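The shown structure was predicted, so the numbers you read here are calculated from the model rather than taken from an experiment.
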Amino acid sequence: MNRRTALAAMAAASLPSAAADKWPTVLHVDLMVDPAHEAALKETFGKVFRPTIRKQPGFVDVRLQKFRLARAGGAPAAGTWKLLISFQTEEERETWVATADHQRVWPQMEKHLKLVNAYVFDEVA
């Protein structure tokens, strides 16, 4: 394999799979976290939730973010933390939610939260 062929193969591998004719679906979850539980939430996310969700079919990415600064407008009204979960399809995300793994790990995350709002977005570009 020459260099040009190898580079083309690497670029193709980084794109969504050929079976997926659209971009991944992304669940945005706004979280209100009790300040006394922030460290425990981060530990649960890193040691329990993320390793479990990564094994699910169709999984793309998961991120836990904490609000730092509003560049325009005000602070988020519905929470200072955000959980972003991406799957190749909404059906695969819904399948994950119905698994015994999700039923086991989500309550461990939820016990550190005061409020949860969730929104599903489809990537369009």
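- One distance of note links NE2 of His102 with CD of Gln56; it measures 9.5 Å at 0.5 Å rounding.
- Looking only at side-chain heavy atoms (C-beta outward), Leu64 and Trp81 come within less than 4.5 Å of each other.
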Quiz item: Please walk me through it: do Thr25 and Asp122 pass side chain to side chain donor-acceptor pair (under 3.5 Å)?
Solution: CA-CA 4 Å; Thr25 188; Asp122 287 329; 3.0 Å; yes

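- The shortest non-hydrogen separation linking His112 to Gln108 is CD2-O, 3.2 Å.
- Listed for the Glu38 side chain is no donor-acceptor partner under 3.5 Å among the backbone atoms of Asp34.
- Classified by interplanar angle (parallel below 30°, tilted 30° to 60°, perpendicular above 60°), the ring pair Phe87/Phe59 is perpendicular.
- Inter-residue side-chain proximity for Glu90 and Val120 is flagged as met; some heavy-atom pair is nearer than 4.5 Å.
- Note: the hydrophobic cluster containing Trp96 does not contain Val26 (ILVMFWY, side chain heavy atoms under 4.5 Å, direct or indirect links).
- Linking ILVMFWY residues whenever their side-chain heavy atoms come closer than 4.5 Å, directly or via other members, leaves Val60 and Trp23 in distinct clusters.
- By the 6.0 Å contact criterion, NZ on Lys82 is enclosed, its count of non-hydrogen atoms from other residues, nucleotides or ligands being greater than 12.
- For the pair Ile85/Phe49, a side-chain contact is recorded, criterion being any heavy-atom separation below 4.5 Å from C-beta on.
- A heavy-atom distance below 4.5 Å is found between the side chains of Val62 and Leu83.
- In this structure, CD in Glu94 is found 10.5 Å from CG in Leu27, a value given to the nearest 0.5 Å.
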Quiz item: For Leu84 and His28, what are the C-alpha separation, side-chain angles and deciding distance, and is it a side chain to side chain contact (heavy atoms under 4.5 Å, CB included)?
Solution: CA-CA 5 Å; Leu84 303 171; His28 290 238; 3.3 Å; yes

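- Between Asp61 and Arg63, the closest side-chain pair of non-hydrogen atoms falls below 4.5 Å.
- Side-chain contact between Val97 and Thr95 is absent, with no heavy atoms from C-beta onward closer than 4.5 Å.
- Between the side chains of Thr89 and Glu92, a donor-acceptor pair is found at a separation under 3.5 Å.
- Contact annotation: the side chain of Thr80 never approaches that of Asp30 to less than 4.5 Å [non-hydrogen atoms, C-beta and beyond].
- Summarising the geometry, atom OG1 belonging to Thr44 is positioned 12.5 Å from atom CD belonging to Glu110; distances are rounded to the nearest 0.5 Å.
- Thr52 places a side-chain heavy atom less than 4.5 Å from the side chain of Arg104.
- Rounding to the nearest 0.5 Å gives a distance of 9.5 Å between CH2 of Trp106 and CD1 of Ile53.
- With a 6.0 Å radius and a threshold of 12 heavy atoms from other residues, nucleotides or ligands, Arg50 has its CZ atom above the threshold.
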Exercise. I would like to know whether Leu41 and Met109 meet side chain to side chain contact (heavy atoms under 4.5 Å, CB included); could you show each step before the answer?
Key: CA-CA 6 Å; Leu41 175 67; Met109 292 282 288; 3.7 Å; yes

